[in-house]
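Structure record follows, encoded as structure tokens.
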Number of protein chains: 2
Amino acid sequence: MADRYEAIAEQFRVHGYKLTQPRRAIVQTLLGAAKPLSPAEIQQRGQKLYHELGLVTVYRTLELMELLGTVRAVHLADGCHGFAIASPGHTHHVVCERCHCVVEIAGCDLGDFLDTVAERTGYAITGHWLEVSGLCAACQAQDAAEHTHDDSIDATAR
Amino acid sequence: MADRYEAIAEQFRVHGYKLTQPRRAIVQTLLGAAKPLSPAEIQQRGQKLYHELGLVTVYRTLELMELLGTVRAVHLADGCHGFAIASPGHTHHVVCERCHCVVEIAGCDLGDFLDTVAERTGYAITGHWLEVSGLCAACQAQDAAEHTHDDSIDATAR
DNA sequence: CGGATAAATGAAAAGGTTTTTCAATAAGGG
DNA sequence: CCCTTATTGAAAAACCTTTTCATTTATCCG
């Protein structure tokens with residue numbers, strides 16, 4: 001995890017941005033979170049690391065980190081869940097429907113699919129945004145314990 | 001297009017909701033739009049069809065239509081672009097980066113990909129949200145005309 | 001084809017969230 | 001260690017969304 005912090009810190013330095021106490025607190029907060037956090041949540045948690053942390057600074061830092069590619073907004077069909085650390089390169093997030101905990105997946109292989117889309121639509125595809133939702137292992141276990149009388153899962157359009 | 005309107009009207013009726021003038025104006029506005037519209041845009045355009053259309057009603061109708069599955073929020077990494085009519089079934093949107101015009105794609109085939117994700121993460125996958133961005137045919141043509149001196153397109157992580 | 005009734009509407013107000021402004025502060029180069 | 005400039009927090013402004021409530025309107029039913 002120290003590596004992940006260093007990599008992000010490096011991005012600030014390389015691009016000529018100062019690594020201030022508030023920014024450090026925000027980065028550490030995001031690294032320590034298991035789920036995407038809203039700006040207000042980041043402020044609350046961040047104040048444990050840097051007591052004066054202001055909400056405005058959270059907004060500004062998120063904007064900057066998005067620019068640097070170290071943070072990404074995570075939203076699904078049901079709305080924006082917040083911001084999460086993004087590893088360098090092209091990754092996607094998998095979010096748990098129940099507890100909103102999130103994991104990153106790298107190396108998605110959508111090339112063929114996107115070729116088909118290009119062909120069918122006439123668009124020149126330049127990017128894509130994919131968020132996957134599901135139940136994390138912990139929430140699955142909880143489900144299994146509570147509903148011994150299985151309420152069958154809808155597997156049609158996942 | 002009359003069919004598309006009828007199908008949506010049917011959804012209102014079937015679920016016991018009234019087909020009021022404001023709602024009709026909103027549906028027609030969305031059907032006539034080539035790009036996702038924000039609530040404010042829907043109000044503005046909708047007032048050409050029903051002059052008294054209030055913004056509050058737009059919000060309420062969008063919420064209802066989302067519930068009925070006839071409208072979908074469209075957002076990409078760079079923010080929420082608005083709401084667009086959604087065809088029944090599982091579809092995704094392809095949005096033009098330049099003009100934001102949108103087309104729907106049906107029958108996405110992400111099964112294998114999602115199986116891999118499930119395997120790697122331990123999550124039980126229940127849904128996914130995919131938005132594709134690119135340049136529509138018209139904007140590509142415009143580009144070709146303006147930049148005879150091609151500024152090469154970044155094709156790395158699309 | 002009205003009239004009754006419950007849903008739906010618009011305007012105003014409230015509630016949040018995000019952005020801007022500006023004087024004070026702190027990071028990091030020299 | 002000081003100086004310069006970016007960065008910060010607080011307050012206010014700007015926005016966007018939701019709630020409230022009296023009035024209107026679509027649909028059911030006689």
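Chain letters run A, B, ... following the sequence lines, proteins first and then strands; every chain starts at 1. This structure is a prediction, so every number in the text was calculated from the model and none was measured.
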[X] side chain N/O closer than 4.0 Å to the phosphate oxygens (OP1, OP2) of [N]?
{"X": "A:Arg23", "N": "D:dT8", "answer": "yes"}
{"X": "A:Thr20", "N": "D:dA6", "answer": "no"}
{"X": "A:Thr57", "N": "D:dT7", "answer": "no"}

Open item on the list: Tell me which residues in residues 45-52 of chain A lie within less than 4.0 Å of DNA chain D, going by non-hydrogen atoms.
Closed with: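 By residue number: A:Tyr50, A:Glu52.
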
Take atom [atom1] of [X] and atom [atom2] of [N], then tell me their distance rounded to the nearest Å.
{"X": "A:Met65", "N": "D:dT7", "atom1": "CE", "atom2": "P", "answer": "14 Å"}
{"X": "B:Phe83", "N": "D:dC16", "atom1": "CZ", "atom2": "P", "answer": "13 Å"}
{"X": "B:Glu63", "N": "D:dT19", "atom1": "CD", "atom2": "P", "answer": "8 Å"}
{"X": "A:Leu53", "N": "D:dA10", "atom1": "CG", "atom2": "C1'", "answer": "13 Å"}
{"X": "B:Gln43", "N": "D:dT18", "atom1": "CD", "atom2": "C1'", "answer": "15 Å"}
{"X": "A:Tyr17", "N": "C:dG29", "atom1": "OH", "atom2": "P", "answer": "16 Å"}
{"X": "B:Phe12", "N": "D:dT27", "atom1": "CZ", "atom2": "C1'", "answer": "15 Å"}
{"X": "B:Ile42", "N": "D:dC16", "atom1": "CD1", "atom2": "P", "answer": "14 Å"}

Non-neighbouring partners of [X] that pass salt bridge (charged side-chain N to carboxylate O under 4.0 Å, His left out), sequence neighbours left out:
{"X": "B:Glu41", "answer": "B:Lys35"}
{"X": "A:Arg98", "answer": "A:Asp143"}
{"X": "B:Glu52", "answer": "none"}

TODO: Starting from the 5' end of DNA chain C, give me the residue, A:Leu19 or A:Leu55, whose nearest nucleotide shows up first.
DONE: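 Per heavy-atom nearest nucleotide, the more 5' residue is A:Leu55.
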
Task: Lys/Arg N to Asp/Glu carboxylate O, A:Glu131 vs A:Arg72, below 4.0 Å - done: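 Salt bridge: no.
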
Task: A:Glu63/A:Arg60 salt bridge by N-O under 4.0 Å criterion - done: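 A:Glu63 and A:Arg60: not salt-bridged.
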
Task: Ring centre gap for A:His75 and A:Trp129 strictly below 6.0 Å - done: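 Between A:Trp129 and A:His75, which both carry aromatic rings, the centre distance is below 6.0 Å.
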
Open item on the list: Could you check whether the side chain of A:Arg60 and the base of D:dG9 have a donor-acceptor pair of N or O atoms closer than 3.5 Å, going by distance alone?
Closed with: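 In this structure, the two groups form a donor-acceptor pair.
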
- [ ] Could you tell me which residues satisfy ring-ring contact (aromatic ring centres under 6.0 Å, His included) with B:His92, sequence neighbours excluded, listed by chain and number?
- [x]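 B:His92: ring-ring contact (aromatic ring centres under 6.0 Å, His included) contacts with B:His90, B:His128.
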
TODO: Tell me which of B:Arg24 and B:Val56 sits closer to the 5' end of DNA chain D, going by the nucleotide each one is nearest to.
DONE: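 Its nearest nucleotide being more 5', the pick is B:Val56.
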
Task: Upstream residue (5' side of DNA chain D) when B:Gln21 and B:Pro39 are each assigned their closest nucleotide - done: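 Between the two, 5'-proximity favours B:Pro39.
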
Open item on the list: Could you tell me if B:Gln11 and B:Thr70 have a donor-acceptor pair between their side chains, going purely by distance under 3.5 Å?
Closed with: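 No, because no side-chain N or O of B:Thr70 sits under 3.5 Å from a partner of the opposite role on B:Gln11.
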
TODO: Indicate whether any N or O donor in one side chain lies under 3.5 Å from an N or O acceptor in the other, for A:Thr57 and A:Arg23.
DONE: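 Per modelled atom types, A:Thr57 and A:Arg23 side chains form no pair under 3.5 Å.
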
For nucleotides 1-5 of chain C, list the nitrogen or oxygen atoms of the protein found under 3.5 Å from its nitrogen or oxygen atoms, one pair per line.
none

- [ ] When you get a sec, tell me which of C:dT9, D:dT8, D:dA11 is the closest nucleotide to the side chain of B:Pro22?
- [x]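 Selected nucleotide (nearest to the side chain): C:dT9.
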
Task: Member of B:Leu114, B:Leu110, B:Asp115 meeting the side-chain contact (heavy atoms from CB on, under 4.5 Å) criterion with B:Ile125 - done: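 Only match with B:Ile125 under side-chain contact (heavy atoms from CB on, under 4.5 Å): B:Leu114.
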
